Number of protein chains: 2
Amino acid sequence: MTTPHRPRNPRGHGKRLRTEILTAATELLDTGGDERTVTLRAVACRVGIAPPSIYPHFLDQSAIMLAVVRQSFAELTHRLRAAAAAVVDPRQRLHALCRAYLEYAQKYPQRYRVMFGDLWHPVVDGGVTPDEVTTMGAEAMRLLVDSLAACVASGHSASRDPAVDAIALWLGLHGLAHQRAVASWYPWPADITQRVAIPLARLVNAR
Amino acid sequence: MTTPHRPRNPRGHGKRLRTEILTAATELLDTGGDERTVTLRAVACRVGIAPPSIYPHFLDQSAIMLAVVRQSFAELTHRLRAAAAAVVDPRQRLHALCRAYLEYAQKYPQRYRVMFGDLWHPVVDGGVTPDEVTTMGAEAMRLLVDSLAACVASGHSASRDPAVDAIALWLGLHGLAHQRAVASWYPWPADITQRVAIPLARLVNAR
DNA sequence: TCCGAAAACTTATCGGCGTTACCCCTTGCG
DNA sequence: CGCAAGGGGTAACGCCGATAAGTTTTCGGA
């Protein structure tokens, strides 16, 4: 480009550009309604560099998306942890977890879609291994299992196998979150969250 | 191309090529693990025509995918109808519906992902309108609502609002179907289907 | 029988994309 | 002041979707 160049980073801070690329990609993903808008050239343009200057920091374009996914998982986990820590009552804590999960998906629908979209599939290439994906969501799942187990212990849940029922509960939350991210225009019932979460968590004395 | 050309279609049967394009795109989607492999050129090559020869039949590449989605919805609905018609007992019928739904998603994971992936989003362009998407899944949802209502009538379900609970049930099925399509390697519990469907359908006397 | 218009399809081309190979300029240490 | 190495740019390749402009085949009507 003939446009004025951005100031070059000093010697030891080359990795500063990496985070700039990452945030630029995240912003592009959030604003553009499609992950196809997160093009390598668009990211480079937004950062203010030439397209090939990305390669010293990311192996290829999918590596950028993978980094976005990793970062998004970290933030989601952080939010879930914060939501769980703010409440002591087991039942309220489980509700808070579900609410935080769905709020994240609703606030960043594109990110959520990509988090649970592909990338999982390139099983063989230099992509991401199943183990790594499992690790990313492991702590979030643990929060859910623990919270459900606490509900069982306090008599709020009739679950006989919290570890498995937590997966079922998460699948319900995921179905709702994903579908709301994809079709936010659909007239979702107002109480759809409770309709999904309460039965799956096997909560008793629903209110 | 210099390769021998396929025989040209006779005068009135130009639309025969349309279905060939459609099946080629579907096959590419099923075999290639990524909808990005369903490239306009790859479809044309598989059919045996030049890339621009697709345009008389489809407005653009997304129109092909949309046609694949439409066809897939039709087939899914057909299977659900057949599954429901094969059973009379309300509870068994609901189970058959859920099973057929999940089997379809497991048999054609790529198609399922695309069906409930994007395309929904291009709200404004010549893409697909929310109304049309809703219409595609309308009959399938009706089957589910009717089946759940029948379970309520026969005392098998404790649902108080089958129309809403059917949505919740579908969300759970979708979460499971989608996640299994994306991460088939995950060690899903053997009885995960029941763990999701039975509570959401509010079935009593579970077995 | 033949002819010309329309249908069916091709070739050529454009701009954008991911990716690679290679070049330049600055930085900061000795 | 010299000069390696890091930080980033330029040029180019092949593939993609899409358009424009031909080229071949078909077939009803004279």
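In the text below, chain A, chain B and the rest are named by the order of the sequence lines, each starting its count at 1. Computed from a predicted structure; not experimentally measured.
Among V152(B), D165(B), L94(B), the single residue meeting the side chain to side chain contact (heavy atoms under 4.5 Å, CB included) criterion with S157(B) is V152(B).
Between I21(A) and V47(A) the shortest heavy-atom distance is CA-CG2, 3.9 Å.
In terms of polar N and O atoms assigned as donor or acceptor, the side chain of R41(B) comes within less than 3.5 Å of the base of dG17(D) in a complementary pairing.
Side-chain proximity of P52(B) to dG8(D), dG17(D), dA12(C): nearest is dA12(C). With dG18(C), dG17(D), dG8(D) as the choices, the nucleotide that has an atom nearest any side-chain atom of Y55(B) turns out to be dG17(D). For T39(A), counting side-chain heavy atoms from C-beta on, the closest listed nucleotide (dT10(C), dC17(C), dT19(C)) is dC17(C). Out of dA18(D), dT11(C), dA11(D), the shortest distance to the side chain of A50(B) is found at dT11(C).
Distance CG (D60(A)) to C1' (dG18(C)): 9 Å, rounded to an integer number of Å. Here the P atom of nucleotide dT24(D) and the CD1 atom of I49(B) are 19 Å apart, to the nearest Å. For the pair E35(A) CD and dC17(C) P, the computed distance is 16 Å after rounding to whole Å. For F58(A) and dT20(C), the CZ to C1' distance is 19 Å, given to the nearest whole Å. Rounded to a whole Å, the CD1 atom of I64(A) is 13 Å from the P atom of dC17(C). The separation between L17(B) atom CG and dT25(D) atom P is 17 Å, rounded to whole Å. In this structure, the CG atom of L59(B) is 15 Å from the P atom of dG17(D), given to the nearest Å. Atoms NE2 (H57(B)) and C1' (dC9(C)) sit 9 Å apart, rounded to a whole Å.
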Quick one, H178(A) with V182(B), criterion side-chain contact (heavy atoms from CB on, under 4.5 Å). Give me CA distance, side-chain angles, the key distance, then yes/no. CA-CA 13 Å; H178(A) 179 260; V182(B) 161; over 6 Å; no
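In this structure, W188(B) and W170(A) have parallel ring planes: the angle between them is below the 30° cut-off, well short of the 60° mark.
Within 4.0 Å (heavy atoms only), S53(B) reaches at least one base atom of the nucleic acid.
Between R36(A) and D34(A) there is a salt bridge, since a side-chain N of the basic residue sits under 4.0 Å from a carboxylate O of the acidic one.
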